[in-house]
Q: 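What follows is a structure written as structure tokens; I'll ask about it next.
Letters go in sequence order (proteins before strands), and every chain restarts at 1.
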Amino acid sequence: MLPGMGDDTCAITLKVNGSTLRLQVAPWTTLLDLLRERLGLTGSKKGCDHGQCGACTVLVDGVRINSCLSLAVMRDGASVTTIEGLAEGDALHPLQQSFIEHDAFQCGYCTPGQLCSAVGLIAEGHAHSEDDIRELMSGNLCRCGAYPNIVAAIGQAMRPRRDA
Amino acid sequence: MTTGKTGAPHDRVDGRAKVTGQARYAGEFTAPDLVHGFVVTSAIARGKIVRIDAAEALALPGVLQVYTHENAPRLAWRDRSWRDMVAPGGSPLRPLHDAEVQFSGQPIALVVAESFELAREAAGLVKVDYEAAPHETRLAEVEAEAHEPARGKKGYTPPPKPRGRADEALAAAPVRVEATYEHPPLHHNPMEPHATTVIVEADGSLTIHDKTQGVTNSRDYVCKVFGLASDQVRVVTPFVGGGFGSGLRPQYQLFLAVLAARELRRSVRVVLSRQQMFTIGYRPWTRQRVALGAERDGRLRALIHEAVGNTSRFEDYCENVVPWSGVLYECPNTRLEYGVAALDLYTPIDARAPGAVTGLWALESAIDELADALDIDPLALRLKNYAEEDQDHRRPFSSKALRDCYREGAARFGWHRRSLAARSMREGALQIGWAMATGIWEAQQAPSQAKALLTADCRLHVASASGEIGPGTYTIMSQIAAEQLGLPLAAVRFELGDTALPPAMIQGGSATASSVGSAVLAVCRALQHSLLKLAQTMPDSPFGGRALEDVEFVDRSLRLCSGVAPAVPIAAIMRHAGLGSIAEQTTAIPDLARQSRYTSNAHSAVFVEVAVDEALGTVTVRRVVSAVAGGRILNPKTARSQILGGVVWGIGMALEEHSMLDHGLGRFVNHNLGEYHVPVHADVPAIDVVFVEERDDVVNPLGVKGLGEIGIVGVAAAIANAVFHATGRRIRELPITLDKLL
Ligand code: FES
Ligand code: FES
């Protein structure tokens, strides 16, 4: 039993960044708090806890969601990818590389959410122009105002890279 | 690998940490004994707590304690101990000090529990009875009682004395404009909420991870308030998720987390909710009157600028709103006035380009109004009144490439294709407006220290207790150091955000590059000096009798600038001297004797195009050109990002941002990111940033002017002017929402 949580915890199974975890979670624990507080995956950020900023965006079964709006127990059996799971070992995900090259962040606090959201966006396949990217990324706030660089970084990652 | 250089568009050295989620922010440090605090805030704006009942909260298993004014320990007595480095005059907030409530949202209790969820749940169970007193949160009601702010705030300069006879000159001027401009309180809302994690070490000392723009400021505050020695408290903050001024002063979560950690002898974390981010400081609500008198040819004869900003009842927050008006344009008769008026709200705090953003919103709107009254091109009017020297202080500018900003900005924007009259440009249902404004910010330098350790394998570690709120501090400091010693960027590690390091100025006012950068430069020069001396002792040294000016460090080697002798590797110099490493520590102090003979400002010219839907009243910013004269640019990539950020803030201020007060409750009511609108991706168009060439060897040894503020200054006025050009409607109260255009 977890301190102060009573006996009402639930058993769930989550695949997080490739590892399968069996967890006892309180029913009121959000997926975001589970990741940050229990699993030490603090790459996913909390900017509002209300689904209004996108800093907590992660991929659940490949789909981008605000993890602060999802209770962990609702995701039993799901596969979750967080910012910590985007790179393959030392090799950054093309979007991560593109964000660095375009200086698509300043303080970096919104960045994990922007990146996970961009992975989801590309998978959705609806963005065909910079205006589409702007519209479909508008759930991810960046108070540092890195927007033009984020759009450029995503645009580059969407274009098939010509082999050098 | 090539030598790291300033002036080159290096990728951020902390980029990898930020894109992989490894960068750790204040609320993300942990300890095995960590417990969580959740703040309870007041529901009334003014009055007294008559009863506070925590029994139900304490009854929940896992709740450890509820701190209120009834059980909090008595701490420092004098105001002085509560005043941080950048506090304004007055009596700072003392959380949980007594039963008095001075603003809605004041922290009145801290619930500490084993889990975050539990602390939050228990906070909702704390029952509070109040005896409310009448409050006032309307600026118009207190404006007439505005007073000169109490002294004490660093960086605040009272307005200069009047020059000439502004009121008479205004009355006599053939062309006059006069208007009142207003913007509401605006909350910074950095994406990372304010947070503090206090780790209680085995020896009882505290390691504190605090969201702050100045680790030293937080450390000193904790020491003074809790009566601790400075070696008992270490503040470590390697990354800050945005500050914009909100982290200049210690916020109340720092105090509460330390209080609980000391009482419970356990590590404690307190993170503010987004709602609570509206209970800390903000850009003050300000009303301004600007009156301009001119000859028919556009020459300014009179300039009057009066401003009143709000403060709290217990501190006199103040900022430099009006002085810019005496410096930017040539005008023989000026009168500038500024006062503050107290409301039952928390004290405001510096927000990105404090004062200048406010003053230039009014001044640059008024200049546009004058251009319209004169039927003169607004850019031509500004050039006609271009100030060649600082008339208020009767001294030259150390540099001022504003003319180049006007010229290059106008060329990039295509200004010559603009039609002069309002409502003259259209695309179908859209009214198009083109307009511009000027920006100005003070270039400042403050004393800072740095230390450096060069090892024989040519790796350099440089450190200073500066911060990284997002400008690229890690990167530009590494560039400066690498360039000085001829090392690749990857061979340099710059460390910051730790009170165990040499102290640096607080990160604000666009002064980090100039202040900490000068310290890094100085400490690297000290290393250069040591290396040269050692090299001179080598057999057949080509450096005998040579000074630092005669040599250069390139590709990990020392060589004569003349190139007549072979280069000597740094590693060989150190091997010969039998040294494994060389360490230096230096303080860079501004050359005030020289600097005070000049006025040093950064400038910008910002051009915008808006489209207004005539039927719907919606305003879209379609493109922006920002031309900046900011001295030497250390890294064009991160520099451009700073300007982008400023412009985005300007778009928010002009069109969206508004901390709304319910005056019945005396409370900010749109206290969340769904209702407090900040610009999103879809609101931000392509932004073209131009840095014009500007050399300045007075402002500081690096010739930099700082870029964190200049990007926002003038943007709100440029957008409001463009809305006027599009629609013929002059909106003098921000934000320009559609209701004001219908
Ligand atoms: S923290 Fe989830 S949307 Fe803001
Ligand atoms: S990088 Fe700071 S909020 Fe986006």
Side-chain angles (χ1 to χ4, degrees), chain A residues 2-6 26 28-29 33 36-37 40-53 55 82-84 86-87 92-93 95-97 99-101 103 105-112 115 130-131 133-151, chain B residues 11-12 14-25 27-28 30 60-63 113-118 188-193 239-244 271 273-274 468-472 637-638 640-642 644-649 672-674 678-682 684-687:
Chain A
L2 294 163
M5 290 196 173
W28 51 76
T29 299
D33 287 330
R36 281 173 64 85
E37 304 296 332
L41 295 171
T42 54
S44 304
K45 303 303 182 194
K46 187 185 279 189
C48 70
D49 225 2
H50 277 57
Q52 296 175 330
C53 77
T82 70
I83 190 68
E84 290 91 345
L86 278 193
L92 294 178
H93 185 283
L95 271 165
Q96 290 174 311
Q97 190 57 43
F99 264 54
I100 293 177
E101 283 166 17
D103 208 36
F105 49 86
Q106 293 175 39
C107 76
Y109 200 79
C110 74
T111 311
L115 279 161
E130 293 212 331
D131 274 344
I133 297 175
R134 284 191 190 102
E135 188 61 34
L136 297 169
M137 285 296 292
S138 279
N140 289 86
L141 306 183
C142 174
R143 190 55 161 159
C144 293
Y147 296 127
N149 292 351
I150 297 170
V151 172
Chain B
D11 292 343
R12 282 173 201 255
D14 53 344
R16 199 180 177 95
K18 284 176 175 170
V19 300
T20 55
Q22 299 308 310
R24 215 168 258 273
Y25 300 81
E28 297 172 350
T30 193
L60 280 185
V63 171
E114 297 282 355
S115 77
F116 163 71
E117 291 95 334
L118 195 55
H188 309 64
N189 278 305
M191 291 311 301
E192 177 202 18
F239 293 99
V240 178
F244 317 112
V271 182
S273 67
R274 181 53 61 183
E468 173 60 282
I469 57 174
K637 196 177 253 193
T638 54
R640 176 173 171 273
S641 289
Q642 294 224 78
L644 292 180
V647 170
V648 170
W649 269 61
N672 61 73
L673 291 172
V678 302
V680 303
H681 275 283
V684 178
I687 299 170

Q: Among C142(A), G40(A), P148(A), single out the residue with the greatest number of heavy-atom pairs under 4.5 Å to chain B.
A: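 Top option by heavy-atom pairs under 4.5 Å: P148(A).
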
Q: Looking at every heavy atom in both T42(A) and R36(A), which two are closest together, and how far apart are they?
A: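 Looks like O-NH1, 3.3 Å.
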
Q: So which part of V684(B) gets closer than 4.5 Å to some heavy atom of chain A, the side chain, the backbone, both or neither?
A: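 Interface part for V684(B): both.
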
Q: What part of R640(B) gets closer than 4.5 Å to chain A, counting heavy atoms only: side chain, backbone, both or neither?
A: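 Side chain only.
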
Q: T638(B) versus chain A, heavy atoms under 4.5 Å apart: side chain, backbone, both or neither?
A: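 Both the backbone and the side chain of T638(B) come within 4.5 Å of chain A.
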
Q: Looking only at heavy atoms and a cut-off of under 4.5 Å, which of E130(A), M137(A), K46(A) has the most pairs with chain B?
A: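 Top count of heavy-atom pairs under 4.5 Å with chain B: M137(A).
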
Q: Heavy-atom distance under 4.5 Å to chain A: side chain of A113(B), backbone, both or neither?
A: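 For A113(B), no heavy atom lies under 4.5 Å from chain A.
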
Q: Please say which of L136(A), L141(A), I150(A), I133(A) ends up in a side chain to side chain contact (heavy atoms under 4.5 Å, CB included) with H681(B).
A: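 Answer to the side chain to side chain contact (heavy atoms under 4.5 Å, CB included) test with H681(B) among L136(A), L141(A), I150(A), I133(A): I150(A).
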
Q: Let me know if I469(B) has heavy atoms under 4.5 Å from chain A in its side chain, its backbone, both or neither.
A: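 The backbone, not the side chain.
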
Q: Does any backbone or side-chain atom of T111(A) lie under 4.5 Å from a heavy atom of chain B? Answer side chain, backbone, both or neither.
A: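 Only the side chain of T111(A) comes within 4.5 Å of chain B.
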
Q: Holding to side chain to side chain contact (heavy atoms under 4.5 Å, CB included), I want the full list of residues that pass it with N672(B), two or more places apart in sequence or in another chain.
A: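 Counting only residues at least two positions away or on another chain, N672(B) forms a side chain to side chain contact (heavy atoms under 4.5 Å, CB included) with Q52(A), Q275(B), E675(B).
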
Q: Could you pull out all residues at least two apart from R24(B) that satisfy side chain to side chain donor-acceptor pair (under 3.5 Å)?
A: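 So R24(B) forms no side chain to side chain donor-acceptor pair (under 3.5 Å) with any residue.
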
Q: If you count heavy-atom pairs under 4.5 Å with chain A, which of F244(B), F116(B), W649(B) comes out on top?
A: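 The residue among F244(B), F116(B), W649(B) with the greatest pair count is W649(B).
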
Q: Is any side-chain heavy atom of T20(B) closer than 4.5 Å to one of L86(A)?
A: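 Side-chain contact under 4.5 Å: no.
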
Q: For chain A, which of Q22(B), H188(B), E468(B) has the most heavy-atom pairs under 4.5 Å?
A: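 Of Q22(B), H188(B), E468(B), H188(B) has the most heavy-atom pairs under 4.5 Å with chain A.
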
Q: Measure P471(B) against the heavy atoms of chain A and call it side chain, backbone, both or neither at under 4.5 Å.
A: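 Neither the backbone nor the side chain of P471(B) comes within 4.5 Å of chain A.
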
Q: With a 4.5 angstrom heavy-atom cut-off, is it the side chain or the backbone of V19(B) that approaches chain A, or both, or neither?
A: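 When you check distances to chain A, atoms from both the backbone and side chain of V19(B) fall under 4.5 Å.
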
Q: Roughly how far, to the nearest 0.5 Å, is the CD1 atom of I83(A) from the NZ atom of K45(A)?
A: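 One finds 9.5 Å between NZ of K45(A) and CD1 of I83(A).
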
Q: Side chain to side chain contact (heavy atoms under 4.5 Å, CB included) for F239(B) and K18(B)? Distances and angles first, verdict last.
A: CA-CA 9 Å; F239(B) 293 99; K18(B) 284 176 175 170; 3.7 Å; yes

Q: Of all of S273(B), G472(B), P190(B), P679(B), which one pairs up most often with chain A through heavy atoms under 4.5 Å apart?
A: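 Between S273(B), G472(B), P190(B), P679(B), the count favours P679(B).
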
Q: For chain B, which candidate among P112(A), G51(A), C48(A) shows the most heavy-atom pairs at distances under 4.5 Å?
A: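 Max contact count across the listed options: C48(A).
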
Q: Only pairs of heavy atoms separated by less than 4.5 Å count here; which of D49(A), V151(A), L92(A), T82(A) has the most with chain B?
A: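 The answer is L92(A).
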
Q: State, yes or no, whether a side-chain contact exists between P193(B) and Y109(A) at a heavy-atom distance under 4.5 Å.
A: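 When only atoms from C-beta onward are counted, Y109(A) and P193(B) do touch, with a gap below 4.5 Å.
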
Q: Only pairs of heavy atoms separated by less than 4.5 Å count here; which of H50(A), E135(A), H93(A) has the most with chain B?
A: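 Looking at each of H50(A), E135(A), H93(A) in turn, H50(A) comes out on top.
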
Q: As an exercise, state the distance from CD1 of I100(A) to CG of L95(A), rounded to the nearest 0.5 Å.
A: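 Reported value, rounded in 0.5 Å steps: 11.5 Å.
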
Q: Non-hydrogen atoms of chain B under 4.5 Å away: do they reach the side chain of D103(A), the backbone, both or neither?
A: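 Contact with chain B is through both the backbone and side chain of D103(A).
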
Q: With a 4.5 angstrom heavy-atom cut-off, could you sort out which part of D131(A) is near chain B: side chain, backbone, both or neither?
A: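 D131(A) has no heavy atom closer than 4.5 Å to chain B.
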
Q: Between atom CD of E192(B) and atom CD of E28(B), what is the distance when rounded to the nearest 0.5 Å?
A: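 Separation between the atoms: 7.0 Å.
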
Q: How far apart are the closest heavy atoms of C107(A) and G241(B), and which atoms are they?
A: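 The answer is SG-C, 3.4 Å.
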
Q: Below 4.5 Å from any heavy atom of chain B, which atoms of Q96(A) appear? Answer side chain, backbone, both or neither.
A: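 Its backbone and side chain both get close to chain B.
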
Q: Evaluate the ring planes of F99(A) and F105(A), with Trp represented by its six-membered ring, and classify them as parallel (under 30°), tilted (30 to 60°) or perpendicular (over 60°).
A: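 Because their plane-to-plane angle is under 30°, the rings of F99(A) and F105(A) count as parallel.
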
Q: I'd like to verify something: which residue of N189(B), V647(B), V271(B) has the highest number of heavy-atom pairs under 4.5 Å with chain A?
A: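 Winner by heavy-atom pair count: N189(B).
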
